[in-house]
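Proteins get letters first, then strands, A, B, ... in listed order; numbering begins at 1 in each.
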Amino acid sequence: MRCSTLGLTVAAAWLYGSGFAACLDGQVELGAGVGVTIWSDLVHDSIVETIEVGMEPGIAAFFRLGTPLDSNTSVSFRIGFSRTEMVRSESGGTSNIATVVAWSPSVVLSRRVSAAVSFHAAVGIILYASDQTIGTPFRGGEPSAPIVGGGVELALPSLPIFLSVDADAHRFGTSGLREAGFLSDRTVNRVSVTLGWVPQ
Amino acid sequence: MRAALVSALLVAACNVPEAPNRSDNYPFQGPTGEVFSWPDSIMPVRIWAEDRGPNVRNTLAALLLWENQFLYREFRGTIWHDSSTAEIQILLSGTVPDIAINGDSPVRACAGATGFTLDNGRVLRMIVQVTGFAGFADQDIANCVFRTTAHELGHALGLLNLGHVGTDASDLMFGDPQVSAASNADRNTIQILYHTEPNLEAAGR
């Protein structure tokens with residue numbers, strides 16, 4: 001919850017700041033989008049049987065504030081948000097562990113390759129927050145980690161709308177998992193598909 | 001540059017940490033091989049604690065202690081107001097001062113026992129009885145009652161190894177509990193139990 005509050009505060013400050021900046025400078029571009037994120041598994045364990053801990057597909061959203069560097073390149077600050085259910089899967093079925101929110105502020109470099117298509121790369125940090133800590137991988141605290149990613153954006157002709165497909169990767173580990181005997185973190189990949197909007 | 005980044009991500013993606021070694025454990029089966037754990041279908045398990053002295057506080061602390069031995073929320077309990085519809089009852093008797101526990105050396109100033117009632121061969125309810133002894137220092141009784149409440153709750157969660165075979169003094173489930181926290185073996189054993197197929201079912205609600 002601490003991370004959620006922090007993230008909301010940062011997002012609110014950024015939105016306020018971005019609106020103000022946009023008023024001052026026509027080169028500033030505001031964007032936002034909503035969609036879905038899918039995750040690779042977070043934990044692989046074996047207690048009598050194999051246990052996989054992962055995330056259900058969850059809602060995704062982002063806000064960004066960017067400015068052009070030249071006619072085809074731009075840089076932006078982006079805050080990503082994802083909310084989903086952490087679940088454990090084993091032979092007996094799937095059970096919920098916790099509701100998890102992940103905030104991912106990042107700096108994004110975009111390169112337009114045609115009128116409708118641009119590619120981007122991003123680097124930032126992912127901050128986890130969970131509604132449950134006792135008896136979960138978050139029992140020693142919710143983690144944060146560097147995150148890298150990239151994606152492609154398809155602009156829809158004559159509409160202020162675009163489709164963004166993003167992939168990113170980070171190392172997932174918690175003090176609870178390390179205390180339980182996991183000796184290293186695991187790489188987690190996420191893929192998000194979002195429909196975005198750019199105010200004209 | 002791009003190829004190097006993709007290669008690095010792929011290599012990192014192949015790195016899956018090994019599952020922890022949980023070989024430090026002890027038997028959890030009952031005297032005649034019973035294996036019991038509370039099923040997902042009735043969680044959170046309802047735990048009623050007699051409102052006497054530190055019993056409710058001890059029960060809540062013991063519940064959190066055991067819940068936190070799990071990594072994937074295999075067990076969840078809740079303090080319940082109605083003894084007749086609770087799956088676990090915690091009763092307290094004897095002389096028990098309502099004071100906070102501390103780290104004094106353990107003294108056997110109390111005793112505990114756990115039994116269960118069956119309904120058509122299925123576990124209906126676990127009943128824990130903890131008794132404080134007269135004639136000991138208040139602090140020793142309070143400490144002993146908490147240790148014993150946590151120990152007996154372990155039995156009520158399904159650690160039916162009533163003879164405490166394979167445990168030692170560092171384990172909460174040692175026959176005469178000397179510690180008030182779960183050991184590595186306690187943690188491993190309860191985790192293994194909750195991923196083992198039971199041969200004794202809960203009656204359900």
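- Within a 6.0 Å sphere centred on CD1 of B:Ile99, other residues, nucleotides and ligands contribute more than 12 heavy atoms.
- Distance CG/B:Leu71 to OG1/A:Thr174: 7.5 Å, rounded to 0.5 Å.
- Between chain B and the residues A:Met86, A:Glu90, A:Arg88, A:Glu49, the largest count of heavy-atom pairs under 4.5 Å involves A:Arg88.
- Of the two parts of B:Asp40, only the side chain, counted from C-beta on, holds a non-hydrogen atom closer than 4.5 Å to a non-hydrogen atom of chain A.
- Looking at A:Thr133, the atoms closer than 4.5 Å to chain B (heavy atoms on both sides) all sit in the backbone: N, CA, C or O.
- Between B:Pro17 and A:Ser184, the shortest heavy-atom distance links the atoms CG-O, 3.2 Å.
- Atom CD1 of A:Ile51 and atom CD of B:Gln191 lie 8.0 Å apart (nearest 0.5 Å).
- Nearest heavy-atom pair across B:Pro20 and A:Ala180 is CB-O, 3.2 Å.
- Of the atoms belonging to B:Glu18, it is backbone heavy atoms, and not side-chain ones, that fall under 4.5 Å from chain A.
- The choice from A:Gly93, A:Ser46, A:Ser40 that makes the most heavy-atom pairs within less than 4.5 Å of chain B is A:Ser46.
- Residue B:Glu197: no heavy atom, backbone or side chain, is found under 4.5 Å from chain A.
- Atom CG of B:Asp82 has more than 12 neighbouring heavy atoms from other residues, nucleotides or ligands inside a 6.0 Å radius.
- Remark: the backbone N or O of A:Val48 is not paired with any side-chain donor or acceptor of B:Arg22 at under 3.5 angstrom.
- Between B:Arg73 and A:Ile97, the shortest heavy-atom contact is CD-O, 2.8 Å.
- Most heavy-atom pairs under 4.5 Å with chain A: of the set B:Glu74, B:Arg187, B:Arg76, B:Glu67, this distinction falls to B:Arg187.
- Using a 4.5 Å cut-off between heavy atoms, A:Val43 touches chain B through its side chain atoms alone.
- Put simply, CD1 on A:Ile47 and CG on B:Leu193 are 11.0 Å apart, with the number rounded to the nearest 0.5 Å.
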